[in-house]
2 protein chains.
Amino acid sequence: MAEATLQSQTRADEAFDCLQTAIVTGELGPGEKIGELELCSRFNLTRGPLREALGRLESRGLLVRRPHAGVKVVSVSASELLELYRIREVMEGLAARQAAERMTDEEISELQATLDSHEAMIEEAQGQAYYQAEGDYDFHHRIATGSRNAKLAQMLLGDLYYMVRMYRYRLSTSAGRPHLALGEHRRIVEAIAHRDGELAEFLMKRHINAARQNIEKKIEEGVLTI
Amino acid sequence: MAEATLQSQTRADEAFDCLQTAIVTGELGPGEKIGELELCSRFNLTRGPLREALGRLESRGLLVRRPHAGVKVVSVSASELLELYRIREVMEGLAARQAAERMTDEEISELQATLDSHEAMIEEAQGQAYYQAEGDYDFHHRIATGSRNAKLAQMLLGDLYYMVRMYRYRLSTSAGRPHLALGEHRRIVEAIAHRDGELAEFLMKRHINAARQNIEKKIEEGVLTI
DNA sequence: GCCCTCTATATTGTCAACAATATCGGACTT
DNA sequence: AAGTCCGATATTGTTGACAATATAGAGGGC
């Protein structure tokens, strides 16, 4: 059962965190219809703050709400998931370009360290897709932040990633190509370290495009059903 | 005083619409601190639905909220406004490409008709920047919808445009270059009509880039202070 | 036997009172 | 006289009760 790890400032924030993690981890599955009272007892909340959190989550597209009829977790179809990757392609391309122009040298060092630890994870824990996915998330997270574009980071971290992660827990995006993905990450960081924004953008777009094609292939093979 | 033009399904929706239009039209200016009770009396609401609406607006980045301290309208700096245009550049570029691939012939005809009426507006009402801005908005709105990419349209129409429009009411984006902008719009539609997605993306990116540079220039000249 | 209608119920939407906290003003100290 | 501490006040956060509506089930009609 998901709980707010760090005591949030307000009950509504707590509710928001609880629900968001519950949705992302799959504790609340896509398409699942959920009642307010059930959520209240489950997360020890009252309906006021809960409803506020529901409103925020609806506005972010993680829930769909029909007046007087209840609320259910959004269920993204296969084609919609692929469309999400088209958006990521252009937005993260921009993020990579701006990160190359604006990241501090220290941030770049940390980014390289992130990749080192990611590589270690792949070596020792060969099959643990979960940690690979987390490493991947960390990498993209740092670049989004490094873009120094507040709205861009907000849209990526606050909207897109949560929707992608919702499925990553089931399908582990880069599964089957961890070494490939790592190599692509390394080349992106190289471009950023050389302050070559244009190249960083190009490589990031190609990286995400490859991830998208990987998912598309698996769907065609029927390996993963969404 | 802004009111919900069409009776919304629920009071919270009504509150959301009221506040959103009030912010976009400038009735609630950037940086303005607003009390809940004041808003309640102003829009004939009670605090419950109002707070739900405030949560949604905060989540969309139109408001900033500090616990126990109140809520104030977000104030976007000049540099942040320019960053917004960087995001628009890549996202609307994608929208134009997908629109070229997916719009129906009928939608394309309607798009051309939109430009015709926009041209008529420019001819007869030379200085009415407001209507020019609305025509501009309509054009970009149709392309976002035409992309058939639900999340992309949601992010553009639900997030970015409201923030841009918030300033458009003051600075009228394409002021000074209505004929130029119209010509650019025409060439984008031509590319879409020829189903040339790549060209449509290129032209759209250049179009928004030009708009950004226009704003940048005005800011440097000190013509508009944000 | 199937479909439609109507009602009972459970769930959501709304409201007004209560509790907790940040801000502002005044008094005191240095 | 300036800065700091403290408390009164107003605002926000929360709670539980009330009202409105959609859903489901039973009953009747075709």
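Residue numbers start from 1 in every chain, and the chains themselves are labelled A, B, ... in the order their sequence lines are given, proteins ahead of strands. In what follows, every heavy atom counts, from backbone to side chain, and hydrogens, waters and symmetry copies are set aside.
- Within the 4.0 Å cut-off from OP1 or OP2 of dT14(D), at least one side-chain nitrogen or oxygen of T10(A) is found.
- Listed candidates were dT14(C), dT23(D), dT15(D). Nearest to the side chain of P49(A) is dT15(D).
- With contacts defined as side-chain heavy-atom distances shorter than 4.5 Å, the pair E107(B)/L111(B) does not qualify.
- Between F139(A) and H207(A), the ring-plane angle classifies as perpendicular under the 30° and 60° cut-offs.
- One can place CD of E52(B) at 17 Å from C1' of dT12(D), the figure rounded to the nearest angstrom.
- When the C1' atom of dT12(C) is taken as reference, atom CD of Q9(B) falls 13 Å away, rounded to whole Å.
- Residue P67(A) places its side chain closer to dG13(C) than to any other of dT15(D), dG13(C), dT14(C).
- Scanning atom types as modelled, no donor and acceptor separated by under 3.5 angstrom connect the side chain of R65(B) and the base of dG13(D).
- Side-chain atoms of L84(B) and R88(B), non-hydrogen and from C-beta on, never get closer than 4.5 Å to each other.
- For R66(A), the listed nucleotide lying nearest its side chain is dA22(D); candidates were dA22(D), dA22(C), dG13(C).
- Across the protein-nucleic acid pair, E58(A) atom CD and dT12(C) atom C1' stand 13 Å apart, rounded to whole Å.
- G35(B) comes within contact range of the sugar-phosphate backbone alone, with a heavy-atom separation under 4.0 Å but no base atom that close.
- At dG13(D), one or more side-chain N or O atoms of R51(B) fall inside 4.0 Å of OP1 or OP2 (strictly under the cut-off).
- Among the nucleotides dA22(C), dT15(D), dG13(D), the one closest to any side-chain atom of R47(B) is dG13(D).
- E36(A) has its CD atom 12 Å from the C1' atom of dT14(C), to the nearest Å.
- Side-chain contact, D136(B) with H118(B): no donor N or O sits under 3.5 Å from an acceptor N or O.
- Protein atom NZ of K33(B) is 9 Å distant from nucleotide atom P of dT23(C), rounded to whole Å.
- L37(B) has its CG atom 14 Å from the P atom of dA16(C), to the nearest Å.
- Checking T46(A) against A69(A), the closest nucleotide of DNA chain D that is more toward the 5' end is the one next to T46(A).
- Following rounding to the nearest Å, L50(B) (CG) and dT11(D) (C1') show an atom-to-atom distance of 13 Å.
- Counting to the nearest Å, the C1' atom of dA16(C) and the CZ atom of R11(B) are 15 Å from each other.
- Within the 3.5 Å criterion, the main-chain N or O of R56(B) finds no donor-acceptor partner in the side chain of R56(A).
- Closest to the H68(A) side chain, of the nucleotides dT21(D), dG13(D), dA17(D), is dT21(D).
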